[in-house]
Amino acid sequence: NRRPAPLEGTGIPGGLVTEFAPKSLAAEAYRTLRTNIQFAGLDRPCRTIVITSATPWEGKTTTASNFGVVCAQAGSRVCVVDADLRKPSLHGAFGMENGRGLTTALIEGKALADVALPTRVPGLSVVVSGPLPPNHTELAASQRMRELLEAGARDYDLILCDTPPVLSVSDAVALSAQCDGVILVVGVGRVSTAALRRAAEQIDAVEGRILGVLLNRVDMKRDRYYAEYQCYYHT
């Protein structure tokens, strides 16, 4: 894979701090996320997880990418799937072409492992979105998607689904009903409390399991409290 372009405002290729700046506070926060999710799955294993946000530009793709890296670094077999079939961006984070991917697997009856691409990180694979379909939500809510994820959980220890924002379209809500848990990414200063509440209510309405909330875009230099405790979770 080619080296991804630096994420705007960070200088880090693809925003992958866990790969290119592993000793940073941000990278440590993703490792804390990994630990918390492991504890959240003690009673109910979390093999398939939706990573989403209430509104656009809150950092869900960056979170999915970095969370995948730290889980693979800990020895897990991880597959990060671009389930945003409207505005996919995961391929850019890893410096890949958006060719055969999730839609290919859904339409041609293939497994995730058949279309997954290896990354520079051992144990971490990526499934790009593939050609964009006209029936986004129907695919997300389909029985074929459920079967694809269930079969993928036998090939991988963890599957992370990067989805569109909850309040923009219903894809993320549909996937929340099919996965073991949801991580809701919140961009500090970018989303209202009311919008966040509506997003959580929509996920709860389909009996999605919200594992917790991750605060993103925290000014670590300004607020040392958030620098040390930027991940808050509940089960």
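Please read these numbers as outputs of a predicted model, since none were measured by experiment.
V115 is not listed as a side-chain neighbour of L102, based on a closest heavy-atom distance of 4.5 Å or more. Taking the side chain as every heavy atom from C-beta outward, V182 and I49 never approach each other to under 4.5 Å. Residues R34 and S76 are not in side-chain contact: their nearest non-hydrogen atoms beyond the backbone lie 4.5 Å or more apart. Side-chain contact between F67 and I183 is present, with heavy atoms from C-beta onward closer than 4.5 Å. Within the 4.5 Å cutoff, the side chain of V121 has heavy atoms near those of the E19 side chain. Side-chain contact between E97 and H91: absent, with no pair of heavy atoms (C-beta onward) separated by less than 4.5 Å. In this structure the side chain of I210 reaches within 4.5 angstrom of the side chain of I203, judged on heavy atoms. Two residues are said to be in side-chain contact when any heavy atoms from C-beta on lie closer than 4.5 Å; V128 and L90 fail this criterion.
Of the inter-residue distances, the one linking F94 atom CZ with S125 atom OG reads 10.0 Å to the nearest 0.5 angstrom. Within the model, atoms OG1 of T63 and CD1 of I51 stand 6.5 Å from one another, a figure rounded to the nearest 0.5 Å. If you take CD on Q202 and CG on L167, they are separated by 5.5 Å, rounding to the nearest 0.5 Å. For the atom pair CD (Q178) and CG (L149), the distance works out to 6.5 Å, reported to the nearest 0.5 Å. Distance check, rounded to the nearest 0.5 Å: OH of Y30 to CG of N66 gives 4.5 Å. One distance of note links CG of D114 with OG1 of T104; it measures 11.0 Å at 0.5 Å rounding.
Across S65 and L16, no two heavy atoms sit closer than the pair CB-CD2, 3.5 Å. Scanning all heavy atoms of the two residues, the minimum distance from G208 to D204 falls at O-OD1, 4.0 Å. Taking every heavy atom of both residues into account, A72 and P122 meet most closely at CB-O, 3.7 Å. Among all heavy-atom pairs drawn from K60 and S53, the shortest one is CD-OG, 3.7 Å. The two residues A26 and V17 make their nearest non-hydrogen contact at CB-CG2, 4.0 Å. Counting all heavy atoms, side chain and backbone alike, I12 lies closest to A21 at CD1-CB, 4.2 Å.
Between the side chain of E147 and the backbone N or O of S142, no donor-acceptor pair lies under 3.5 Å. Looking at T119, its side chain does come within 3.5 Å of a backbone N or O of L124 through a donor-acceptor pair. In this structure, R47 contributes its side chain and A153 its backbone to a donor-acceptor pair below 3.5 Å. Of the possible donor and acceptor atoms, one in the side chain of D157 sits under 3.5 Å from a partner among the backbone N and O of R77. Remark: the backbone N or O of G59 is not paired with any side-chain donor or acceptor of T62 at under 3.5 angstrom. Listed for the S170 side chain is no donor-acceptor partner under 3.5 Å among the backbone atoms of V173. Counting only distance, with no hydrogens or angles, the side chain of R144 and the backbone of A105 share a donor-acceptor pair below 3.5 Å. Judged by distance alone, with hydrogens and angles left aside, the side-chain atoms of S168 form no donor-acceptor pair with the main-chain N or O of P164 at under 3.5 Å. In this structure a side-chain-to-backbone donor-acceptor pair under 3.5 Å is present from N216 to E58. With hydrogens and angles ignored, the 3.5 Å screen pairs a side-chain donor or acceptor of T103 with a backbone N or O of P131.
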- request: In sequence, state the C-alpha distance, the side-chain angles, and the governing distance for H136 and V169, and then conclude on side chain to side chain contact (heavy atoms under 4.5 Å, CB included).
  value: CA-CA 9 Å; H136 317 85; V169 292; over 6 Å; no
query: What's the verdict on side chain to side chain contact (heavy atoms under 4.5 Å, CB included) for L117 and V127, showing C-alpha distance, side-chain angles and the deciding distance?
result: CA-CA 6 Å; L117 300 172; V127 172; over 6 Å; no
message: Between L175 and T163, does the side chain to side chain contact (heavy atoms under 4.5 Å, CB included) criterion hold? Intermediate values first, please.
response: CA-CA 8 Å; L175 277 170; T163 74; 3.7 Å; yes
Evaluation steps, side chain to side chain contact (heavy atoms under 4.5 Å, CB included), between S129 and D84: CA-CA 7 Å; S129 72; D84 188 338; over 6 Å; no
query: Checking side-chain hydrogen bond (donor to acceptor under 3.5 Å, both in side chains) for the pair R86/T137: CA distance, chi angles, key distance, verdict?
result: CA-CA 10 Å; R86 299 167 190 265; T137 303; 3.0 Å; yes
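A salt bridge links R100 and E108; the closest N-O separation between the charged side-chain nitrogens and carboxylate oxygens is under 4.0 Å. Under a 4.0 Å N-O distance rule, the pair R198/E201 does not qualify as a salt bridge.
Of the candidates D162, D82, T61, S89 forms a side chain to side chain donor-acceptor pair (under 3.5 Å) with just one, namely T61.
Cluster annotation: V206 and L196 are assigned to the same hydrophobic cluster (Ile/Leu/Val/Met/Phe/Trp/Tyr, side-chain heavy-atom contacts under 4.5 Å, transitive). Hydrophobic clustering keeps M145 apart from I107 (ILVMFWY residues linked when any side-chain heavy atoms are closer than 4.5 Å, directly or through intermediates).
Taking a 6.0 Å sphere around CD of E207, one finds it holds 12 or fewer heavy atoms contributed by other residues, nucleotides or ligands.
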